[in-house]
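Heads up: the structure comes next, in structure tokens.
Chain A is the first sequence line, chain B the second, and so forth, proteins listed ahead of strands; every chain is numbered from 1.
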Amino acid sequence: MADIVRVRFAPSPTGYLHFGGARTALFNWLFARKHNGTFILRIEDTDVQRSSVEMVQGILEGMHWLGLDADEGPFFQSSFDEEHRAAARRLLEEGQAYYDFTPKQQKDDTTVQEMIAHRARAQAAAGKERNPYRDLAYEEALRRVEAGEQAAIRLKVPEEGVSRFEDMVYGPQERDYSDIEDLVLIRSDGYPLYNLSVVVDDIAMGITHVIRGQDHLTNTHKQILIYEALGVELPRFGHLPLIMAPGREKLSKRKHGEVVSVTTYRDRGFIPDALVNFLALLGWSPGGDQEIMSRDELIEKFSLEGVNKSSAVFNFHESDPQNWTDPKALWMNAEYMRAMTLDELAPLVAEQLKKFGIWRDEWASSGAAWFAGTIDLLRSRYRTTQDFATLGLPYFSDEFEYEPAAVKKNLKDERLKRLLSGLADRLASIEEFTHDATESALRAYSEEEGVKAGLLINAARTALTGQAVGPGMFDIMMTLGRERTILRLRRAAEFVG
RNA sequence: GCCGCUAUGGUGUAAGUGGUUAACACGCCGCCCUCUCAAGGCGGAGAGUACGGGUUCGAGUCCCGUUAGCGGUACCA
């Protein structure tokens, strides 16, 4: 099979799985599924200082929750250490790389950006200098190394010429060799560096298509140089537009924190398919108007040609409790909650209720029908499954607060003190506690008392749920049942006034 | 500084090889439904395609320049 497809997602475990990473993983996964290929997960943990097992765990969890399990892996880049060194050794022997005895510069992490800029400026002013060790005879260099001298290994980048490749998203790319410095392959303490490790691993794993963030677009030329030095055929490259924070600011794990972490969405009640759908649309479009797409539809329609070249803003508002994340993501999640079957939705809601300590086991057995009916009653007004546990508390528990605004709006009228308990009496005496029977009882009662039915209905809603908004009043009564309805109506009398 | 990428309403995106008044979704506003809030239905405001030049009978679409944002420029990944 000539066109076998093998792709990989290669996160570094220096943080949780954030939106950018998740989107990259998703596109690789879609590409693999689309072409009947293999999706591989490789953890790039060469920077041991900043990597941690918890982060690896977090990434794995996030991917699993999104349904993006790898076909192969997870592999850990650090375990291929020897292969990376061997590749560098080979390039050294072939004269394509050299030992650099320049002492390592100390730098502290907070000022790297400044340092890079400063150094670059200085270099521009002074004119580029060749590395003095580039042409040192290999035998002599080897002697010095064996004598215990520390040296980094650098790739010998050709002095003249242009690096070119055809990006599957961005089209033809080129970069002059003179703009690429002799990159370090192996640090002087012996650790292989990113660019070398990636290439060696991608070769070893038979990666055919490298799909990753646009932040690697110019770095790709460096990696191509390594492929060429190693004498290996190039994979195809496809770079993805970056995801930005509101205001086209760059997305930063440190600054934006949880709102860009996939696990946050799991914890706050997102449906995995909904988030996948939303993520897919961030930087990609199948063309045309369709936006709600199942996994199968996404796979069917996915193509790198549909990937956008410009970066996309992920429009979250962390400080706004109502719209803490992108409104469209929230809308899409709501859309999924409405469209999915109750059998699919119920366990997800149950999970949230358990988390909030208001779950009752009978809702999974004898009360399953009631439970399904109740979430069905509520689903069209909620946007996440967590809303069932927070906004929906009065429907699942007797321990809920009366919202002051609702009390003020619906229980202000002094007459209600008498009317609510009067209504409770009526409801206690009707034969069958059904939607229609309760409604006619309430309407008859309000007519007798000479008040508008609406007054009683709205008051009853607040009496029963502590809220001013919610499903139709008689539906609420049905879901609460006669006993609770009467109890809550009587109890509410004390809030009147 | 240098190299590179990008640029369509507030946000996400449409608009095969340039061809009528720039389309859809989210959000926003209004109306209908109605016991409230959603959902649903209907309607509306909001961009003349970053800016400036070209090419062309005709440009969001091609070319050049400017600006802005972003990425890279590390013995980070």
Residues forming a ring pair (Phe, Tyr, Trp, His ring centres under 6.0 Å) with A:Y194, sequence neighbours excluded | A:H216

Can you sort out the partners of A:Y265 under ring pair (Phe, Tyr, Trp, His ring centres under 6.0 Å), two or more places apart, ordered by chain and number?
-> A:F19, A:F270, A:W324

Out of B:rC70, B:rC75, B:rA77, minimum distance to the side chain of A:M244 belongs to B:rC70

Would you mind listing every salt bridge (Lys or Arg N to Asp or Glu O under 4.0 Å) that reaches into residues 328-337 of chain A, with sequence neighbours excluded?
-> A:E291-A:K328, A:E335-A:R338

Using atom types as modelled and distance alone, determine if a side-chain donor or acceptor of A:R383 lies under 3.5 Å from a backbone N or O of A:L330.
-> no

How do A:P286 and A:R383 order along RNA chain B: which one's closest nucleotide is nearer the 5' end?
-> A:P286

Report, one line per pair, each donor and acceptor closer than 3.5 Å where one atom sits in a side chain of residues 310-318 of chain A; sequence neighbours left out.
{"from": "A:S310", "atom 1": "OG", "to": "A:N308", "atom 2": "ND2", "distance (Å)": "3.2"}
{"from": "A:H317", "atom 1": "NE2", "to": "A:N315", "atom 2": "O", "distance (Å)": "3.3"}

Can you check whether A:S311 has a side-chain N or O nearer than 4.0 Å to OP1 or OP2 of B:rC70?
-> no

Using a cut-off of 4.0 Å on non-hydrogen atoms, how would the nucleic acid contact of A:N410 be classed: base, sugar-phosphate, or nothing?
-> nothing

Distance between P atoms of B:rU11 and B:rC51 (Å, rounded) = 15 Å

Considering just the side-chain nitrogens and oxygens of A:K309, establish if one lies under 4.0 Å of OP1 or OP2 belonging to B:rA7.
-> no

A:L242 or A:A10, whichever maps to the more 5' nucleotide of RNA chain B = A:L242

A:F400 meets the ring pair (Phe, Tyr, Trp, His ring centres under 6.0 Å) criterion, sequence neighbours left out, with A:Y402

Taking only the side-chain heavy atoms of A:N219 (C-beta and beyond), determine which of B:rU13, B:rC3, B:rA77 contains the nearest atom.
-> B:rA77

Indicate whether any N or O donor in one side chain lies under 3.5 Å from an N or O acceptor in the other, for A:T434 and A:D436.
-> no

Rounded P spacing from B:rA77 to B:rG72 in Å = 14 Å

What does A:G283 touch in the nucleic acid at a heavy-atom separation under 4.0 angstrom: a base, only the sugar-phosphate, or nothing?
-> sugar-phosphate

Check whether the side chains of A:R212 and A:T220 place a donor and an acceptor atom closer than 3.5 Å, and report yes or no.
-> yes

Taking the side chain of A:P327 as heavy atoms from C-beta outward, which of B:rC75, B:rC26, B:rG71 is closest to it?
-> B:rC26

What residue pairs, at least two apart or across chains, pass salt bridge (Lys or Arg N to Asp or Glu O under 4.0 Å) with a residue in residues 161-174 of chain A?
-> A:R164-A:E174

For B:rC29 versus B:rA22, give the span between their C1' atoms, rounded off to a whole number of Å.
-> 23 Å

Base, sugar-phosphate alone, or nothing: which one does A:E44 contact when heavy atoms must sit under 4.0 Å apart?
-> sugar-phosphate

Base-pair string, RNA chain B, Watson-Crick plus G-U, cut-off 3.5 Å on both distances, | for inter-strand, is (((((((..((((.....[...)))).(((((.......))))).....(((((..]....))))))))))))....

Of residues 162-175 of chain A, the positions that come close to RNA chain B - non-hydrogen atoms, cut-off under 4.0 Å | A:Y170, A:Q173, A:R175

Assign A:S188 to base, sugar-phosphate, or nothing according to its heavy-atom contacts below 4.0 angstrom with the strands shown.
-> base

Check every atom of B:rC70, B:rU11, B:rC24 against the side chain of A:D289 and return the nucleotide holding the closest atom.
-> B:rC24

Determine which pairs satisfy ring-ring contact (aromatic ring centres under 6.0 Å, His included) with at least one residue from residues 437-466 of chain A, sequence neighbours left out, and list them in order.
-> none

Can a donor-acceptor pair be found between the side chains of A:T384 and A:N333 at a distance below 3.5 Å?
-> no

Closest of B:rC75, B:rU6, B:rG69 to the A:L193 side chain is B:rC75

Residues which pass salt bridge (charged side-chain N to carboxylate O under 4.0 Å, His left out) with A:D202, listed by chain and number, not counting sequence neighbours = A:R8, A:R42

Listed partners of A:F165 passing ring pair (Phe, Tyr, Trp, His ring centres under 6.0 Å), at least two apart = A:H221, A:F237

Heavy-atom contacts, protein to nucleotides 29-42 of chain B, under 4.0 Å, summarised as B (base), S (sugar-phosphate only) or - (none) per nt, yield ------BBBBSS--

Mind checking the P distance from B:rA45 to B:rC3? Whole angstroms is fine.
-> 47 Å

Scan A:S197 against the nucleic acid and name what it touches under 4.0 Å (heavy atoms): base, sugar-phosphate only, or nothing.
-> nothing

Spacing of the P atoms in B:rC5 and B:rG65 (rounded, Å) | 12 Å

Describe the nucleic acid contact of A:H216 in one word from base, sugar-phosphate, nothing, applying a heavy-atom distance below 4.0 Å.
-> base

